[in-house]
Amino acid sequence: MLTYSELIQLRDKLVNGEIRIESAQAEYWKDFKEGQKSWDTKDWKERRSIIIKEKCEICSSVDTLTLQHRSHPKKYSEYLRDVTRAFAETYIKTNPDIDRFEFSNFILNKYDYIPVPLCPNCNSTNPNRRVRKLPQYRCTGCRQEFDNPVYKSVDELISNFYENEDSIEVRDKCFISKDTWKNKHSLSNIRYWFQRGRAKSKDAETIEKEAFLLYLNDSIQYLSFDDTITACKKCAFNFDINRMELCPKCKQYYKGLEYPTCIQCLPEEKRKAALESVAFGNDWREMHKELGID
Ligand SMILES: [Zn+2]
Ligand SMILES: [Zn+2]
Ligand SMILES: [Zn+2]
């Protein structure tokens with residue numbers, strides 16, 4: 001795992017164009033182990049010992065002090081997804097028209113088509129299929145009864161889509177992706193993924209670089225200990241597990257992170273209301289326990 005200063009050097013080399021994105025990634029992932037914690041490293045321990053305070057910054061206790069991060073870095077894959085999405089949006093805006101031949105080839109390669117049965121009389125979708133009666137189908141729209149529904153070919157559907165992409169006929173998610181995800185897509189969903197793929201291959205290097213830089217900056221920020229606080233065992237536990245911190249007014253009771261003070265420090269009226277609702281909650285739980293529905 002790269003140290004804090006090595007990470008900064010790597011980031012700067014990438015920003016200044018002294019190193020290509022592939023080499024930067026290779027250098028970063030080289031001895032990166034999934035699940036390895038940065039706090040196992042010597043670099044981390046040394047810098048931590050300089051930054052950690054003598055006592056808890058929340059309650060002043062000196063009992064088992066830890067450095068608490070207020071935020072955690074996102075994964076590289078999350079940055080890559082976000083940046084790709086943004087590039088795709090721009091690409092779609094500037095390239096709204098797509099070649100019909102390439103579009104239908106894309107569909108045939110990537111999707112299985114499950115045609116929707118249509119009424120031969122009025123073309124409405126999904127006529128009722130009857131188990132005991134003949135003819136087998138009855139249209140809920142025009143009430144026509146028939147044995148054989150009609151199906152549109154992929155080509156017909158694509159034609160409809162090119163004529164009017166908002167028409168009801170092309171809204172069905174009747175295409176199943178051939179990959180492991182087996183996603184159900186409509187033609188406009190497919191067009192999005194088609195164009196997103198285009199955007200991705202056109203700007204592959206720029207996208208990877210932008211995402212990787214965001215990720216590196218996030219990791220550097222995390223390793224800098226900038227957004228940390230020294231906390232004792234009790235305060236760290238309350239912060240991490242209960243989302244609570246010491247009340248800034250009385251510095252005696254804990255309060256939820258979302259509240260300005262603890263219940264005791266609220267103005268008279270609000271305190272009464274809060275205490276009543278806590279008591280009410282307790283009564284409620286008691287009652288549920290007695291009734292055995294807890
Ligand atoms: Zn504390
Ligand atoms: Zn019909
Ligand atoms: Zn208080």
Side-chain angles (χ1 to χ4, degrees), residues 39 45 48-72 114-153 156-157 159-160 163-164 166-174 225-282:
W39 49 88
K45 284 175 191 153
R48 176 188 178 279
S49 66
I50 298 166
I51 284 158
I52 197 161
K53 309 271 193 307
E54 311 265 271
K55 57 185 182 185
C56 173
E57 289 180 79
I58 299 168
C59 75
S60 301
S61 158
V62 290
D63 178 32
T64 325
L65 298 175
T66 59
L67 258 189
Q68 290 283 108
H69 274 95
R70 288 173 182 275
S71 58
H72 294 273
I114 312 293
V116 173
L118 302 172
C119 166
N121 185 44
C122 73
N123 258 341
S124 83
T125 55
N126 289 318
N128 258 343
R129 187 175 184 165
R130 309 186 290 190
V131 184
R132 290 198 180 83
K133 264 186 167 175
L134 287 173
Q136 217 182 3
Y137 289 92
R138 182 172 183 272
C139 175
T140 44
C142 70
R143 306 193 175 186
Q144 170 106 343
E145 300 186 338
F146 51 93
D147 279 317
N148 301 311
V150 292
Y151 298 100
K152 279 197 174 156
S153 69
E156 279 175 285
L157 265 191
S159 289
N160 293 154
E163 278 157 29
N164 178 11
D166 297 319
S167 77
I168 294 181
E169 289 137 301
V170 297
R171 276 189 210 160
D172 285 306
K173 297 192 171 185
C174 50
F225 297 106
D226 270 353
D227 195 24
T228 55
I229 182 169
T230 301
C232 70
K233 202 173 165 188
K234 191 175 162 195
C235 290
F237 176 80
N238 272 303
F239 186 86
D240 270 355
I241 309 296
N242 298 336
R243 308 305 295 159
M244 288 178 91
E245 61 189 357
L246 207 65
C247 166
K249 201 160 173 192
C250 63
K251 297 202 163 50
Q252 190 184 350
Y253 299 106
Y254 283 85
K255 63 159 191 75
L257 295 181
E258 65 272 35
Y259 303 115
T261 68
C262 70
I263 292 182
Q264 309 301 324
C265 291
L266 286 172
E268 182 71 25
E269 277 302 297
K270 281 192 181 163
R271 189 179 70 213
K272 260 193 196 159
L275 284 173
E276 268 164 24
S277 83
V278 170
F280 177 73
N282 287 342

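Ligands are counted one by one from 1 in listed order, and the atoms in each one are counted from 1 as well. Worth knowing before you read on, the calculation uses all heavy atoms, side chains too, and leaves out hydrogens, waters and symmetry mates.
- In this structure, the side chain of Glu57 engages the main chain of Thr230 through a donor-acceptor pair within 3.5 Å.
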inquiry  = I'd like to know whether Cys119 forms a side chain to side chain contact (heavy atoms under 4.5 Å, CB included) with Tyr137, so could you lay out the CA-CA distance, the side-chain angles of the two residues, the decisive distance to 0.1 Å, and finally the verdict.
reply    = CA-CA 9 Å; Cys119 166; Tyr137 289 92; over 6 Å; no

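- The count of protein N, O or S atoms under 2.8 Å from the Zn ion (ligand 3) stands at 4, with waters excluded from the count.
- Side chain of Lys255 to main chain of Tyr259: a donor-acceptor pair is present (N/O by atom type, distance under 3.5 Å, no hydrogens or angles).
- Between the side chain of Arg243 and the main chain of Phe239, a donor-acceptor pair closer than 3.5 Å is present.
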Side chain to side chain contact (heavy atoms under 4.5 Å, CB included) between Glu245 and Leu257, worked out = CA-CA 6 Å; Glu245 61 189 357; Leu257 295 181; 3.5 Å; yes

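- Taking the Zn ion (ligand 2) as the apex, the angle formed with SG of Cys119 and SG of Cys139 is 110°, to the nearest 10 degrees.
- Judged by distance alone, with hydrogens and angles left aside, the side-chain atoms of Arg271 form no donor-acceptor pair with the main-chain N or O of Cys265 at under 3.5 Å.
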message = Before you tell me yes or no, could you show the steps for Cys139 and Ser124 under side chain to side chain contact (heavy atoms under 4.5 Å, CB included), namely the whole-Å CA-CA distance, both residues' side-chain angles and the distance that decides it to 0.1 Å?
response = CA-CA 8 Å; Cys139 175; Ser124 83; 3.4 Å; yes

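- If you count the protein N, O or S atoms nearer to the Zn ion (ligand 1) than 2.8 Å, you get 4.
- Tested against Phe225 for a side-chain contact (heavy atoms from CB on, under 4.5 Å), the candidates Ile229, Asp227, Thr228 yield a single pass: Thr228.
- Pairing each heavy atom of Ile51 with each of Leu67, the nearest pair is CG2-CD1, 4.1 Å.
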task = Please test Lys133 against Glu145 for salt bridge (Lys or Arg N to Asp or Glu O under 4.0 Å), starting from the C-alpha separation and ending with a verdict.
result = CA-CA 10 Å; Lys133 264 186 167 175; Glu145 300 186 338; 5.7 Å; no

